2 protein chains.
Amino acid sequence: MCQKPIQVLVVDDHQIIIDGMKSILQDEETVQFAGGANTMQEALDFIDQHQVDVIIMDISMPGHSGIEITRMIKEKYPDVKVLALTMHDEIDIIADMIDAGASGYLLKKANMNEVLDALQTVARGQRYLGSKVQDILMDDFSQRRSTRQNREYESQLLTPREKEILQLMLREFSNDKIAEKLFISIRTVETHRRNIFTKTNTKNVVGLIKYAMKQGLTQNESQA
Amino acid sequence: MCQKPIQVLVVDDHQIIIDGMKSILQDEETVQFAGGANTMQEALDFIDQHQVDVIIMDISMPGHSGIEITRMIKEKYPDVKVLALTMHDEIDIIADMIDAGASGYLLKKANMNEVLDALQTVARGQRYLGSKVQDILMDDFSQRRSTRQNREYESQLLTPREKEILQLMLREFSNDKIAEKLFISIRTVETHRRNIFTKTNTKNVVGLIKYAMKQGLTQNESQA
DNA sequence: GGAAAATTACGTAGTTTTACGTAGATGATT
DNA sequence: AATCATCTACGTAAAACTACGTAATTTTCC
């Protein structure tokens with residue numbers, strides 16, 4: 001789906017973080033470290049002159065906060081995705097950041113795998129929240145009310161039949177077993193499958209499972 | 001890996017549960033409702049005369065508790081797996097049940113998918129704990145000490161290299177991409193892959209992911 | 001009654017994965 | 001020196017999946 005590497009800009013006032021990210025991202029073919037910026041101005045200049053897909057954004061920065069920078073960037077370049085990577089775990093900051101337009105939020109204790117995962121996820125237009133962050137949000141979910149957020153993948157994305165097929169895929173059925181069980185042709189299953197992949201913006205079972213988990217389609221709340 | 005359906009015996013003093021399980025299991029090819037039993041004696045008799053792979057066991061039963069029954073059954077028929085399905089969420093009961101030899105523990109609020117998943121998991125010799133149950137156990141983990149349990153999949157099951165490949169699989173790399181990244185032949189990757197499947201008792205990526213999640217090899221604590 | 005969405009399905013061709021067996025190289029352990 | 005675990009890799013054949021395009025039925029909804 002996305003063959004060319006994701007261009008990543010790292011915005012952080014600590015150069016060490018930028019350097020670290022650079023070296024981490026370096027031996028990945030799927031992502032490419034495009035550059036780093038220590039200030040808002042640097043960041044804006046950079047985006048102006050380079051192709052950037054995702055920005056890894058720190059929040060606590062002198063001068064303008066990551067939140068402001070994000071808001072500004074999303075105004076000028078709505079297509080650029082912002083992934084917050086910070087140590088702040090306060091609900092308000094997270095909320096503000098998301099409100100400002102961030103597509104993902106990770107705590108700095110996240111490991112490389114998570115970062116890479118998050119990069120890919122936000123790059124393809126979905127949101128990504130680290131598991132810790134999810135917990136924090138959940139806890140706060142009831143009182144806080146929503147801010148007209150873009151709800152890119154809300155739920156009725158998949159048709160009932162597609163969900164059914166997804167369920168079976170998650171239960172390790174192969175295409176022909178699914179066909180057998182549902183009394184349809186394997187060709188049909190393949191078509192559904194293809195549509196599921198397309199709709200969910202995934203390209204293989206692994207991605208799909210991650211999607212399903214994110215949607216809570218795995219164990220709980222399915223149409224058992 | 002297991003072609004013939006898993007023979008399931010349901011032991012519960014409430015007939016309605018047995019009937020319910022029967023109808024649920026009926027339209028599954030992978031499992032087969034073999035029979036039901038309301039008492040220990042019935043259960044023992046049944047096992048004596050039929051092929052049984054997994055027993056779904058309630059705990060609160062008049063006369064002998066599910067724990068006793070489990071202990072007795074595991075003594076006589078160690079190969080028969082017991083899956084506790086109950087509403088008891090007290091740590092002591094769970095622990096006793098596991099101690100008695102149960103391979104899995106599910107709360108009755110679990111849905112069909114979870115039950116089916118659990119059945120397959122225990123049938124192939126692994127343990128299965130519902131997510132709630134895991135939480136409960138976790139909370140209590142530090143003080144309670146172990147009872148020489150069979151530790152079928154303890155951790156050092158996979159070699160470092162295998163873990164590395166697993167990581168990449170989880171990150172949606174195809175075999176040839178893995179080969180490329182690690183500078184080895186795709187044949188080698190295939191071999192590793194095969195060994196991983198064998199060792200983890202899984203047969204496809206979906207199963208493997210579930211395994212990985214259970215082991216916490218996905219996001220957190222990997223060797224990033 | 002007609003448009004739109006959902007479900008069904010085929011063809012063709014290519015790619016990827018699985019299944020099994022085998023086996024050399026290396027390093028650690030005893 | 002021998003054993004064991006790990007990592008490496010090939011061959012062969014079959015099974016499964018992927019990619020794209022197309023399109024006939026139903027169903028659903030306005």
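What's counted below: heavy atoms across the whole structure, side chains too, no hydrogens, waters or symmetry copies. A note on names: the letters A, B, ... follow the listed sequences, proteins ahead of strands, and every chain is numbered from 1. On a predicted model such as this, the values are computed, not experimentally measured, just so you know.
Between B:Ile47 and B:Leu9, the closest side-chain pair of non-hydrogen atoms falls below 4.5 Å. Side-chain contact between B:Leu85 and B:Met57 is absent, with no heavy atoms from C-beta onward closer than 4.5 Å. Contact annotation: the side chain of B:Val82 never approaches that of B:Val54 to less than 4.5 Å [non-hydrogen atoms, C-beta and beyond]. Side-chain atoms of A:Phe197 and A:Lys203, non-hydrogen and from C-beta on, never get closer than 4.5 Å to each other. Contact annotation: the side chain of A:Phe46 never approaches that of A:Val11 to less than 4.5 Å [non-hydrogen atoms, C-beta and beyond].
In this structure, CZ of A:Arg187 is placed 16 Å from P of D:dG21, rounded to the nearest angstrom. Put simply, CD1 on B:Ile165 is 13 Å from C1' on D:dA9, counting in whole angstrom units. Distance A:Glu190 CD to D:dT18 P: 9 Å, rounded to the nearest Å. The interatomic distance linking B:Asn195 (CG) with C:dT22 (P) rounds to 15 Å, in whole Å. The interatomic distance linking A:Ile196 (CD1) with C:dT8 (P) rounds to 12 Å, in whole Å.
Within 4.0 Å (heavy atoms only), A:Arg193 reaches sugar-phosphate atoms of the nucleic acid but no base atom. Backbone-only contact: A:Arg161 has heavy atoms under 4.0 Å from sugar-phosphate atoms and none from a base. Within 4.0 Å (heavy atoms only), A:Thr188 reaches at least one base atom of the nucleic acid. Among the atoms of the strands shown, only primed sugar atoms or phosphate atoms (P, OP1, OP2) are found under 4.0 Å from some heavy atom of B:Ser174.
Between its opening and closing five pairs, the helix from C:dG1-D:dC30 to C:dT30-D:dA1 changes axis direction by 50°, a value rounded to 10 degrees.
Closest to the side chain of B:Thr159, from the set D:dC10, D:dC7, C:dT17, is D:dC7.
Map B:Asn204 and A:Ile184 each onto its nearest nucleotide of DNA chain C; the residue landing nearer the 5' end is A:Ile184.
The CG atom of A:Leu119 sits 4.5 Å away from atom CD1 of A:Ile56, with the distance rounded to the nearest 0.5 Å.
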